[in-house]
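Here is the structure we will look at, set down as structure tokens.
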Amino acid sequence: QVQLVESGGGLVRPGGSLRLSCAASGSFFSIYDMGWYRQSPGKQRELAATITSGGTTNYTDSVKGRFTISRDNAKNTVYLQQTSLKSEDTGVYYCAGKLANLSLAIWGYWGQGTQVTVAS
């Protein structure tokens with residue numbers, strides 16, 4: 001059974017940076033696509049970034065050029081490097097996973113979330 005644990009959130013000023021981490025337990029991490037969702041009060045949950053089992057990345061327009069998702073399969077860990085942070089990036093960030101190469105797969109594995117607050 002896969003478990004995901006996020007860390008690295010915190011309070012930063014606008015323009016600052018954070019590096020979020022998501023540690024996965026269990027076997028077969030390398031065959032999962034991974035992503036980072038974020039949830040802000042009053043807004044819909046948004047899929048901010050994804051990385052496939054093969055390393056292909058994708059980002060929502062609002063974070064392109066500022067966020068970088070990566071993975072280290074040897075450590076069963078996925079990262080989200082956040083730079084040039086804005087107040088609108090504030091929210092709870094969740095790590096999620098799904099089986100790769102399946103058209104109907106869902107994001108069925110979730111972490112507990114880590115809070116990111118961007119404020120002066």
Side-chain angles (χ1 to χ4, degrees):
Q1 296 181 340
V2 176
Q3 290 184 302
L4 306 174
V5 180
E6 301 96 331
S7 62
L11 173 64
V12 297
R13 304 184 72 170
S17 299
L18 286 172
R19 190 193 195 201
L20 310 184
S21 297
C22 171
S25 66
S27 302
F28 309 115
F29 173 77
S30 63
I31 68 171
Y32 282 82
D33 294 339
M34 302 298 296
W36 287 94
Y37 276 89
R38 63 183 182 180
Q39 177 68 65
S40 299
K43 300 178 69 176
Q44 283 278 295
R45 185 165 54 200
E46 178 182 40
L47 185 58
T50 62
I51 184 166
T52 69
S53 62
T56 301
T57 60
N58 201 9
Y59 304 91
T60 192
D61 286 344
S62 60
V63 309
K64 285 181 179 177
R66 301 187 299 115
F67 290 9
T68 302
I69 188 171
S70 61
R71 66 192 298 160
D72 186 340
N73 289 343
K75 296 182 178 180
N76 282 9
T77 302
V78 62
Y79 305 96
L80 187 67
Q81 181 69 50
Q82 303 174 307
T83 62
S84 301
L85 282 162
K86 307 173 181 179
S87 60
E88 51 262 47
D89 295 320
T90 294
V92 180
Y93 284 72
Y94 297 92
C95 180
K98 65 177 181 178
L99 284 169
N101 300 313
L102 294 175
S103 297
L104 299 180
I106 63 171
W107 296 98
Y109 297 93
W110 292 79
Q112 83 290 343
T114 185
Q115 176 72 44
V116 171
T117 303
V118 185
S120 299

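Since the structure is predicted, the reported quantities are computational estimates derived from the model, not experimental observations. Along the sequence shown, residues are numbered consecutively beginning with 1.
Taking the ring centroids of Y37 and W110, they lie under the 6.0 Å cut-off.
T117 and Q115 share a side-chain donor-acceptor pair at under 3.5 Å. R13 and S87 share no side-chain donor-acceptor pair at under 3.5 Å.
Under the 4.5 Å side-chain heavy-atom criterion for Ile, Leu, Val, Met, Phe, Trp and Tyr, Y109 and Y94 are members of distinct hydrophobic clusters.
Formation of a donor-acceptor pair under 3.5 Å by the Q81 side chain with backbone atoms of T68 is not found in this model. One N or O on the side chain of R71 and one on the backbone of T52 form a donor-acceptor pair closer than 3.5 Å. Panel note: side chain S62, backbone T60; no donor-acceptor pair is recorded below 3.5 Å. At least one donor-acceptor pair closer than 3.5 Å links the side chain of T90 to the backbone N or O of V118. At least one donor-acceptor pair closer than 3.5 Å links the side chain of R66 to the backbone N or O of S84.
Between I69 and T50, the shortest heavy-atom contact is CG2-O, 3.4 Å. Minimum interatomic distance between G97 and Y32 (heavy atoms only, all atoms of both residues): C-CD2, 4.3 Å. Listed here is the closest heavy atom pair of L4 and A24: CD2-CB, 3.5 Å. Across V63 and A48, no two heavy atoms sit closer than the pair CG2-O, 3.5 Å.
Among L20, V5, L18, V92, the single residue meeting the side chain to side chain contact (heavy atoms under 4.5 Å, CB included) criterion with T114 is L20.
Taken to the nearest 0.5 Å, the OG atom of S53 stands 5.0 Å off from the CG atom of N101. Atom CZ of F29 and atom CG of N73 lie 5.5 Å apart (nearest 0.5 Å). How far CD of Q44 is from CZ of R38: 13.5 Å, rounded to the nearest 0.5 Å. Here CD1 of I51 is found 10.0 Å from CE of M34. Values are rounded to the nearest 0.5 Å. To the nearest 0.5 Å, atom OG of residue S40 and atom CD of residue E46 are 8.0 Å apart.
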Inset, instruction - Go through F67 and W36 one step at a time and tell me if the side-chain contact (heavy atoms from CB on, under 4.5 Å) criterion holds. - result: CA-CA 11 Å; F67 290 9; W36 287 94; over 6 Å; no
Inset, instruction - Could you walk me through whether F28 and L99 pass side-chain contact (heavy atoms from CB on, under 4.5 Å), step by step? - result: CA-CA 10 Å; F28 309 115; L99 284 169; over 6 Å; no
Inset, instruction - Could you please spell out the steps behind the side-chain contact (heavy atoms from CB on, under 4.5 Å) verdict for E6 and Y93? - result: CA-CA 8 Å; E6 301 96 331; Y93 284 72; over 6 Å; no
Inset, instruction - Go through the steps for R19 and L80 under the test side-chain contact (heavy atoms from CB on, under 4.5 Å), then give the verdict. - result: CA-CA 6 Å; R19 190 193 195 201; L80 187 67; over 6 Å; no
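A salt bridge does not link K86 to D89: none of the charged side-chain nitrogens sits closer than 4.0 Å to a carboxylate oxygen.
For L102, the CG atom is densely surrounded, since the number of other residues' heavy atoms within 6.0 Å is greater than 12.
For residues 4-120, every residue pair satisfying the disulfide bond (SG atoms under 2.5 Å apart) rule, not counting sequence neighbours, is listed here: C22-C95.
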